[in-house]
4 protein chains.
Amino acid sequence: MYNFRNDYSEGCHPRMLDALVRTNLEVTPGYGTDHWCRSAADRIRQAVACPQADVHFLVGGTQTNQTAIAAFLRPHQAVIAAATGHVNVHETGAIEATGHKVITLPAPQGKLTPAIIWELVRSHPDEHMVKPGLVYLSQSTELGTVYTKAELASISSLCREQGLILYMDGARLACGLTAEECDLTLEDLPRLCDAFTLGGTKNGLLFGEALVIVSDALKPDFRYHIKQRGGMLAKGRLLGVQFDAIMQDGLYLELGRHSNRLAQKLARGLEALGYPMYVPSPTNQIFPIVPNSQLPLLDKLCYYEVTAAVDEAHTAVRFVTSWASTEADIDGFLTELATAL
Amino acid sequence: MYNFRNDYSEGCHPRMLDALVRTNLEVTPGYGTDHWCRSAADRIRQAVACPQADVHFLVGGTQTNQTAIAAFLRPHQAVIAAATGHVNVHETGAIEATGHKVITLPAPQGKLTPAIIWELVRSHPDEHMVKPGLVYLSQSTELGTVYTKAELASISSLCREQGLILYMDGARLACGLTAEECDLTLEDLPRLCDAFTLGGTKNGLLFGEALVIVSDALKPDFRYHIKQRGGMLAKGRLLGVQFDAIMQDGLYLELGRHSNRLAQKLARGLEALGYPMYVPSPTNQIFPIVPNSQLPLLDKLCYYEVTAAVDEAHTAVRFVTSWASTEADIDGFLTELATAL
Amino acid sequence: MYNFRNDYSEGCHPRMLDALVRTNLEVTPGYGTDHWCRSAADRIRQAVACPQADVHFLVGGTQTNQTAIAAFLRPHQAVIAAATGHVNVHETGAIEATGHKVITLPAPQGKLTPAIIWELVRSHPDEHMVKPGLVYLSQSTELGTVYTKAELASISSLCREQGLILYMDGARLACGLTAEECDLTLEDLPRLCDAFTLGGTKNGLLFGEALVIVSDALKPDFRYHIKQRGGMLAKGRLLGVQFDAIMQDGLYLELGRHSNRLAQKLARGLEALGYPMYVPSPTNQIFPIVPNSQLPLLDKLCYYEVTAAVDEAHTAVRFVTSWASTEADIDGFLTELATAL
Amino acid sequence: MYNFRNDYSEGCHPRMLDALVRTNLEVTPGYGTDHWCRSAADRIRQAVACPQADVHFLVGGTQTNQTAIAAFLRPHQAVIAAATGHVNVHETGAIEATGHKVITLPAPQGKLTPAIIWELVRSHPDEHMVKPGLVYLSQSTELGTVYTKAELASISSLCREQGLILYMDGARLACGLTAEECDLTLEDLPRLCDAFTLGGTKNGLLFGEALVIVSDALKPDFRYHIKQRGGMLAKGRLLGVQFDAIMQDGLYLELGRHSNRLAQKLARGLEALGYPMYVPSPTNQIFPIVPNSQLPLLDKLCYYEVTAAVDEAHTAVRFVTSWASTEADIDGFLTELATAL
């Protein structure tokens, strides 16, 4: 079976595994106060060119979004998100569980725009409704699409004008930034966002998300929030060791680039076989539209997920590549598929 | 430096590390739905002799306590705990963050008794106060003490009579159950508790707590709660792989027994040097009382934590051993200490 | 100035005022445990023909919705509502503040249908999303429309099949049930709903909502929730005295009928003057579409609210009548408007 | 039956009733945006000599404490209170329901001291525990005792030094400030507290608490919080009308003085009959210690509440007077009691 189910099907990339094995018997203080976490945070500050940023390491993506958003907002404030946003759909109400409403509008290709944000602000004018407080977006999005530098800058500008916090969920940041059509760089993020994450779980770590807090107003007491939300890892150095490894020699972005390249090769191959794409994603998630009659065939060839019914006879499915995907996976799958058709 | 700071200063025991390395490139489905988690859950059900229990794997202790308690209680219900209980003191209000009050009374040696529980129930008689809903205790306790079978049975009996859920935090369960004075076994727990945990983080895993839900009323939809509280690990198999390894060949209890033995050897050695104990702990946490004048000496010899000021001139400190502690650590430290005095 | 701003612009109907004045110096126990509350609850149980229902009195509508929904749901469960639903839009995230997501779809004329509910259930299939737990609807709706007996029965039937709690917000129940096109009666409600409210604030009381809990599963400990959410009135008898008065001699429905009659007379008069209605409401809220150029004229004649921009040149406004509106108000306003045009 | 059960057994003082009757048919905008609320707020600002304070009107005491504290604190912050504090004991976990822990120590006679506050601050030093954020105290306290100007000043000074918000619950402020041994005045409060309330429910209103916010940092968006917590009264002018009436001609303090005088007369009378006091309260709540054998006699003579078992044979009970108590009540009760003994 070929595996295109997701980008977290295996353990971790060999370099992180080596680092974990090598440091296993080291004695360090707990809860992320160790030298590996310090070193990893320094490497991230350097990579994003923001020496004064605070960097925290958490275990998972939902946990990171929940902890950050709950720490950043006052009780009456709401999160603005695309209707397809991860915090709106796929976190089992984790944001609401901390007391905050997520307000949304449909967003073409999963991307917020200044117009959408403004419409949500405009329609929440007084104390009988929640007050928009934070804009959540992800790079890449749930549909694999990416924000360009100009797009993010225009959103950032509106956020500043309206006093909204801009938070970027970078669960798939490596893929987002290395997509061909993306001109954003790591160094751009602190200038445009108040806080953002560098995802590890979906980019070759066993687990781990790095939260970068840029705005001074959001920094105080953040470790209290990590602990209160259950995200403070006793052996916190596991996060430091892994991020320290991946932030060296360009590995972080390299793994994203690798995933993208294979996904795009797969997309071109599928298009050549006559499958149109549901959404034009330049990253490691692609969404071919498949005749329902061919789904049993797919089930035999590979792991994948169903995204949406396109019409009565067609389904958009999701294929995902990862650091662990190989050229041979793509070639083999395309060949077997072509043969079977 | 000798390390008696805690039982989570290193990575993990070699058997778990081997298992992680060996399975690293396996492709599995995410979120704990893989075969390793199933196997580990089966092993735990077998070890506790409760085939119908539900077993879930979470990453950390605070997260597990928070998720379980919030899932089990209705909004107006409170947690009964010892004043020293971990949920009361050391979780940054994680329980309250989910809406529930923790009500406490001082508990000698950190242990709840039926009398304490009854006093808290009796003093909360009507709707102007919270309603006691769950009894939280830990085995071993924050002070290293343990509940005997008779003690736990009497608490369990009161809980059933009063309609209280009995939840045992087993972050240090291996040490608790293998303490010399403890006659409780793994098989006793499902008979006496509604839910309990088998701690991994403090017993040789990189991380991980196994939550065993015995009462049918507490089982439905529990995975929703794990996800909502940010505790659902994408690569959930990491928990399964580790618990699958530690639940074989008696390793789980063996590591607890090892830690206890070294801690008790250290305690006896310290007593021989004239240090009384703050509390008579039979497990891997011991609490010698040290003249304040000797604290600088301790600081040079080892890592430890301060527990409490006993009087103006003495301090109770905490020494903890772990699976990674060695006979040589104890002997070496005692010798160096004796020499330095 | 004519007043069509809302149905809570004045104090209370004379009968309730008399009752309050008459009983002012009576000594009663607090918190709704007095004989007036008992009597009022009995009258309500009789009116809805449900002797085993629990009846609680709360002060306001948002408070009642929040308290009931938070008491009824487990943490991972969500509320299904129309996108225009009061709990979704106009309660400043009160439901989310208790931890629950409100999931919605656009609902024609503000009314849920089995198809809408089913679509929301169907699209929330697993633990990575919230679990639909309760259907919220209001009678009459935010747009003045009403559910017929057949419509409510079909929703009720789906709710039972899917294990969803059906909760009816009756802030404007008197108007809803006495609308010409509504064949639902008070006696129908306990058969179809798990819980519902009889609104007082918008029907001639100083304040007060009566919550009727029909389902046994939702009854236990409800007074704890009222207290915890800040809704337990010290002088609770104020609620009992008022509801006791309004539940006599058919006054409750009579006030709704009165409001409806005047609103419908106003609607017919406005239509005769050439104003179409934004939505065909048979109750005390009507929504004429007005050329923007005439808004300044309206501003001079009466109080009203803006509902929505219909197109660049037209606005839908809301006119509301109440127990305090008079025939002369309607006639006078229509005459002045016709004259001014 | 004489009534000493509490200070909210009747409706309201005639002046407030007259005001409500007189204004009943006025048409005003809703939600406290009317001219009565503005006028009442102005009178309060004048009475406390703080022109820049924000004044909000809420319905009940628990609601006001919950709304204010939840609005003022960030999620990881805790409330410091006396163990007997209303927010700790008698609000059914309303504070915890908004996510905040209440940390306490036993406080002699129900009064916090700088030493108690400091001990709670000192023992919560890091992110593994909640962070003290607000000091809650009430004037008068749950035991009828009062803070003097010097006592409150020393607490205020510590709060400022430690960055703690100082919040005074004035549910019984009129009695607190007019107690013979109290040298605090309304004008002192804005200088010493960050926010405080003037209680109405227990001082002759049907209901209503006025929240005075002094610190600029606590003011923004407060009306959102009132709405979100269910405390925004649709006919908000009921609060304005009543507070406008009671803040005229010194009535607010006069009613407190009246209650105190009668309670103290009762206390002296009871002492003369040989009943010692459980706590030396100078306000309208007194706590005589009664032989258990005489409780049945008391039950026949009057309404009262039980406070605590003093020993096996004696009980401390609570007698409360109010604006509605009369000289004749006290004289009559004391005579009947003396006769019956």
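So that the names make sense, note that chain A is the first sequence line, chain B the second, and so on, each numbered from 1. Only a predicted model underlies this, so the values are computations on that prediction, with no experimental measurement involved.
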Under a 4.5 Å heavy-atom cutoff, which of D:Ile95, D:Ile103, D:Thr98, D:Asn88 has the most pairs with chain B?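 Of the candidates given, the most pairs with chain B belong to D:Asn88.
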Do other residues, nucleotides or ligands put more than 12 heavy atoms under 6.0 Å from D:Tyr278 OH?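 No, because the 6.0 Å sphere around OH of D:Tyr278 holds 12 heavy atoms or fewer from other groups.
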Option in B:Gly99, B:Gly93, B:Pro75 with maximal non-hydrogen atom pairs under 4.5 Å from chain D: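 So the answer, after comparing B:Gly99, B:Gly93, B:Pro75, is B:Gly99.
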Please classify the contact between B:Asp126 and chain D as side chain, backbone, both or neither, with a heavy-atom cut-off of under 4.5 Å.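 The answer is neither part of B:Asp126.
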Counting only non-hydrogen atoms closer than 4.5 Å, does B:His100 touch chain D with its backbone (N, CA, C, O), its side chain (CB onward), both, or neither?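 Backbone only.
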Out of curiosity, B:Thr92 OG1 to D:Met129 CE, how far, rounded to the nearest 0.5 Å?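 The distance works out to 8.5 Å.
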Going from NZ on D:Lys101 to NZ on B:Lys101, what distance comes out if it is rounded to the nearest 0.5 angstrom?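 Between atom NZ of D:Lys101 and atom NZ of B:Lys101 there are 8.0 Å.
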B:Val102 and D:Glu96, any side-chain heavy atoms less than 4.5 Å apart: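 When only atoms from C-beta onward are counted, B:Val102 and D:Glu96 do not touch, as no gap falls below 4.5 Å.
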